[in-house]
Amino acid sequence: AKADANKVVVVDDIIPVLDVQYAFTDGQYREYNDIYYTQGETKVTFTIDEANFDVASKPVVTVNEENREVTWNPTSGTDKWVGEITLTGNGDYAIKVTFADKSGNVMDTYEKTVHIDNEAPVFDVTYDNNEARNENNYKADRTATVKITEHNFKADEVVLTVTAKDINGNSVDIAFKEYADYAKNPTNWNTTGDVHTLKTNGMKFDIEAIYSVKLEYTDLAENVAEVYETEFVVDKTDAGNIKIEYSTSVLDEVIERITFGFYKAPVTVTVTAEDETAGVEYFELTYTKEAGASNVNTDTYKTEKLTAV
């Protein structure tokens, strides 16, 4: 500064410097693509280092292009001035700070976006084939439609786990289906507003197996969706290798012989079948009474439903 009679000339060619600090609720936040994501109230503290600060020409702070009134207070013994704003409620907050000191030195414009989000993502999973036996057994292919409602969606953080086994617990090879990778690929999602729908091309369950499906997702603000889990069977092949066997105990055979046929030994009928995917639920056995046999033991014609073991 130079004194000239009653005048003071100030020479200042130093650009003001801005420092910005954020205080997130519980210290919880995540930064992605230069945006802060958090779940709660956020306090923003601005500190400007400027020797010739003038509250009459103070910095301009805007949030979403609207001016925010900020009170600036000096820091004792320094050239620093401090102001604060608080962001509350879910939403996107685009912060911008501009300033030029009295000598016309223009501070670098500061811009940052904070997104506050305390709502968990929501899953909606449906299937085209809902014609089931015993709640979860299907005789035809199934295709899933997966929808996730989330404002800040990031496809590559979707966790979709699909496993397939047979009735004996052996793994069925579905690795080539690549369900998990398909769900993580952003190009496989269609978006309308906050609703993101996974294209059904890669969500077909057309291999015979017992499927376990698990869907998980945590958004950018670290809100965790309620896990989706289900299990179902796709079995398009009828049971095979059906056999019927008849047996009589040794004692009954002896009694029948010594009574010259007046004692008719009971017969055990064993029915077997194979189904490696869903197993066998029951057998339906139909039989007729032999001509001349007593009416005491059975009807002339009868059908019984026998549970498989």
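The basis for the numbers below is simple: all heavy atoms, side chains too, and nothing from hydrogens, waters or symmetry mates.
Listed by first and then second residue, the ring pair (Phe, Tyr, Trp, His ring centres under 6.0 Å) pairs involving residues 164-184 are Y179-F205 (not counting sequence neighbours). For residues 121-141, every residue pair satisfying the ring pair (Phe, Tyr, Trp, His ring centres under 6.0 Å) rule, not counting sequence neighbours, is listed here: Y127-F232.
Atom CG of N201 sits in a crowded spot, with more than 12 heavy atoms from other residues, nucleotides or ligands closer than 6.0 Å. More than 12 non-hydrogen atoms from other residues, nucleotides or ligands lie less than 6.0 angstrom from NZ of K58. E226 CD: 12 or fewer foreign heavy atoms inside a 6.0 Å radius. More than 12 heavy atoms of other shown residues, nucleotides or ligands fall within 6.0 angstrom of atom NZ in K184. By the 6.0 Å contact criterion, NZ on K43 is open, its count of non-hydrogen atoms from other residues, nucleotides or ligands being 12 or less.
Going from atom OG1 of T88 over to atom CD1 of I85 covers 10.5 Å, rounded to the nearest 0.5 Å. Atom-to-atom distance recorded for K204:NZ and R142:CZ is 13.0 Å, nearest 0.5 angstrom. L160 contributes atom CG, which lies 12.5 Å from atom CD of E178 (distance to the nearest 0.5 angstrom). Note that the CG atom of D219 and the CD atom of Q39 stand 7.5 Å from one another [nearest 0.5 Å]. Rounded to the nearest 0.5 angstrom, N52 CG and S57 OG are separated by 10.0 Å. Here the CG-CG distance, from N33 to N152, works out to 11.0 Å after rounding to the nearest 0.5 Å.
Inter-residue side-chain proximity for V97 and L18 is flagged as met; some heavy-atom pair is nearer than 4.5 Å. For the pair D19/D49, no side-chain contact is recorded, criterion being any heavy-atom separation below 4.5 Å from C-beta on. Counting only heavy atoms from C-beta outward, the side chains of T143 and D128 approach each other to under 4.5 Å. Counting only heavy atoms from C-beta outward, the side chains of Q28 and T38 approach each other to under 4.5 Å. A 4.5 Å side-chain heavy-atom check between I116 and Y93 finds at least one atom pair inside the cut-off. Within the 4.5 Å cutoff, the side chain of K214 has heavy atoms near those of the V227 side chain. Looking only at side-chain heavy atoms (C-beta outward), I148 and W189 come within less than 4.5 Å of each other. Taking 4.5 Å as the limit, some side-chain heavy atom of V234 sits within range of a side-chain heavy atom of Y211.
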Verify side chain to side chain contact (heavy atoms under 4.5 Å, CB included) between I95 and Y36, making sure each step is shown before the conclusion. CA-CA 11 Å; I95 302 167; Y36 286 136; over 6 Å; no

Applying side chain to side chain contact (heavy atoms under 4.5 Å, CB included) to T42 and T25, what does each step give before you reach the verdict? CA-CA 6 Å; T42 301; T25 300; 5.7 Å; no

Going through the checks in order, is the ring pair (Phe, Tyr, Trp, His ring centres under 6.0 Å) test met by Y29 and Y22? CA-CA 10 Å; Y29 77 98; Y22 292 82; 8.5 Å; no

Evaluate the criterion side-chain hydrogen bond (donor to acceptor under 3.5 Å, both in side chains) for residue pair D92 and H151; output intermediate values, then yes/no. CA-CA 10 Å; D92 293 306; H151 183 67; 3.2 Å; yes

Would K139 and K236 count as a side chain to side chain contact (heavy atoms under 4.5 Å, CB included) here? Give the steps. CA-CA 5 Å; K139 292 185 65 175; K236 300 178 284 186; 5.8 Å; no

Kindly determine whether K199 and N190 satisfy side chain to side chain contact (heavy atoms under 4.5 Å, CB included), including the steps that lead there. CA-CA 7 Å; K199 297 176 184 176; N190 291 322; 3.4 Å; yes

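Residues forming a salt bridge (charged side-chain N to carboxylate O under 4.0 Å, His left out) with K154 (at least two apart in sequence, or on another chain): D156, E157. For D34, the side-chain contact (heavy atoms from CB on, under 4.5 Å) partners at least two apart in sequence or on another chain are E31, K112. Partners of S212 according to the side-chain contact (heavy atoms from CB on, under 4.5 Å) rule, which considers only residues two or more places apart in sequence or in another chain, are T163, E231.
Counting only N and O atoms by type, the side chains of H115 and N90 include no donor and acceptor under 3.5 Å apart. Between the side chains of E131 and N129, no donor N or O sits under 3.5 Å from an acceptor N or O.
Both Y217 and V125 are assigned to one and the same hydrophobic cluster, defined by single-linkage of ILVMFWY side chains at heavy-atom distances under 4.5 Å. Linking ILVMFWY side-chain heavy atoms closer than 4.5 Å, directly or via other members, places F153 and I35 in two distinct hydrophobic clusters. Y37 and F24 fall into different hydrophobic clusters, where Ile, Leu, Val, Met, Phe, Trp and Tyr are joined by side-chain heavy atoms under 4.5 Å apart, directly or via other members. Cluster annotation: V20 and V60 are assigned to distinct hydrophobic clusters (Ile/Leu/Val/Met/Phe/Trp/Tyr, side-chain heavy-atom contacts under 4.5 Å, transitive). Both V146 and V162 belong to a single network of hydrophobic side chains, linked directly or stepwise wherever heavy atoms of I, L, V, M, F, W or Y lie under 4.5 Å apart.
The minimum heavy-atom distance between D117 and A221, with the atom names listed, is O-CB, 3.6 Å. Contact detail for I15 and N105: the closest heavy-atom pair is CA-CB, 4.0 Å. Considering all non-hydrogen atoms of both residues, N188 and L198 come closest at O-CD1, 3.4 Å. Taking all atoms of both residues into account, the shortest heavy-atom contact from D173 to I207 is O-CD1, 4.2 Å. Closest approach of E50 to P16, counting heavy atoms only: OE1-CG, 3.2 Å. In terms of heavy-atom proximity, A209 sits nearest to A164 at CB-CB, 3.7 Å.
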Return a table of donor-acceptor pairs under 3.5 angstrom between the side chains of residues 73-81 and protein atoms on other chains or two or more places apart.
from	atom 1	to	atom 2	distance (Å)
T78	OG1	T75	O	2.9
T78	OG1	K80	N	3.1

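A distance-only check finds no donor-acceptor pair linking the side chain of Q21 to the backbone of T45 [under 3.5 Å]. In terms of modelled atom types and a separation under 3.5 Å, the side chain of N168 and the main chain of N170 share no donor-acceptor contact.
Taking the six-membered ring where the residue is Trp, W72 and F53 present tilted rings, their angle falling between 30° and 60°.
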